Amino acid sequence: MADNARKPATRLVEAGRRSEWTQGIVSPPVWRASTILYDSVAELKERPNDTHHRLFYGRRGTPTQWSLAEALTELEPGAEATLLFPSGVAAVATALLAVLEPGDELLMVDSAYEPTRALCDGMLKRFDIATRYYDPLIGAGIAGLIGDNTRAVFMESPGSLTFEVQDVPAICAAAKARGATTLLDNTWATPLYFPAIEKGVDLSILACTKYVVGHSDAMLGSVTAAPFAWARLRQATYQLGQHAAPDDAWLGSRGLRTMGVRLAQHQANALKVARWLAEQPQVARVLHPALPGCPGHELWARDFSGASGLFSIVLNGGGDAARAAMIDSLELFGIGYSWGGFESLVVPADPQRMRTVVPWAAEGPLVRLHVGLEDPDDLIADLANGLRRFAEALS
Ligand SMILES: *Cc1c(COP(=O)(O)O)cnc(C)c1O
């Protein structure tokens, strides 16, 4: 269990480095395995099938995966345990399948990551699980949507693309009062800036592909469970055959050790860039949870201890062509999906295609930025050039 007396920065360095897993090596090595050999029939028969942290069969992991999982648990005060997944989407899917049954209703935030919506509108629907989308700013008003069949409430805070910050404690309290399980996609803040279990969440989900791995070179997901939800998460994970490769878990562990310092720098760089963008005439709005004017900003100030490097801007007028002219001219922002690595990235995004409860209306097209670890003054110069191209394309 977590040594919660120690500060998060110390836990990041120490967590998961049990001597029986490291064998004295500083960074727990890669243990690759499918078959585990037993000394005798008696030993094989006596090893319990639900063993946790004992070698059983490769699918159940080795010390490489256990070490990262334990480290993630230790970052979440109040958590029981963590399991790893081959991607963030696999983590979201397994967590939902762990708690839902045919005939149930799921309350899903309208600003959810698009593949999460695709799962709800596709496979979950086929399994007779109904999804009802809700306004990300609903807060305690969620109580009015919770019916007899509502089994789970899924949050993502801040929301994908548009960054609405949710009142997670209020939503969790309302769900708990009605016996509904709460899930949070906590990828943006990570447990360092938002300790989700402590705030009342039952299942805290990370796309570790982003800030945990941190170097854009591996896919990985995790779900950390409160004690109440752990047994169901473990059962679903085992039955679905979920497994994260030891080499990728090792990359996750390696990334985790520096996640605190990386996040602090992403935060500082992104704030400098975001504040500059807020003053540019070509920018109608900056959607960054730490800036006033972002929906739910006051909740961010109340509940979060930091901000990461991902935010969006709404351009002032224009359409696809002007937006593309701006994005194509950028030299330091790579055009590509994902985020959370050391490098800056940019993508065009169109939330109006997805939203069903709160229609997205804006002054112009949306651009999502991930601010990396480059010097922010160089990034600002690059964006200044991009905004000039945008303005030229408008005229
Ligand atoms: C990227 C992302 C995911 C999915 O993670 P993958 O590892 O790419 O499958 C889930 N949620 C959010 C908020 C994300 O940004």
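This is a predicted model, so every value here is computed, not measured. First listed ligand is number 1; within each ligand, the first listed atom is number 1.
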Atom pairs and distances, ligand 1 N/O vs protein N/O under 3.5 Å:
residue, atom, partner, partner atom, Å
ligand 1, 7 (O), Gly88, N, 2.8
ligand 1, 7 (O), Thr209, OG1, 2.6
ligand 1, 9 (O), Gly88, N, 3.1
ligand 1, 9 (O), Val89, N, 2.9
ligand 1, 11 (N), Asp185, OD2, 2.6
ligand 1, 15 (O), Lys210, NZ, 2.7
ligand 1, 15 (O), Trp339, NE1, 3.1

*Evaluate the ring-ring contact (aromatic ring centres under 6.0 Å, His included) criterion for residues Phe194 and Phe304: first the C-alpha distance (whole Å), next the side-chain angles of each, then the deciding distance (0.1 Å), finally the verdict.*
CA-CA 5 Å; Phe194 188 84; Phe304 289 63; 4.7 Å; yes

_Pair Glu374-Ser344, side chain to side chain donor-acceptor pair (under 3.5 Å): steps then yes or no_ = CA-CA 8 Å; Glu374 303 90 345; Ser344 290; 2.8 Å; yes

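Using the six-membered ring where Trp is involved, Phe311 and His288 have ring planes that are tilted, between 30° and 60° apart.
By the ring-ring contact (aromatic ring centres under 6.0 Å, His included) test, Phe127 pairs with no residue at all, sequence neighbours left out.
At most 12 non-hydrogen atoms from other residues, nucleotides or ligands lie less than 6.0 angstrom from CZ of Arg32.
Contact record, Phe163 with Ser312: CE1-OG, 3.2 Å, taken as the closest heavy-atom pair.
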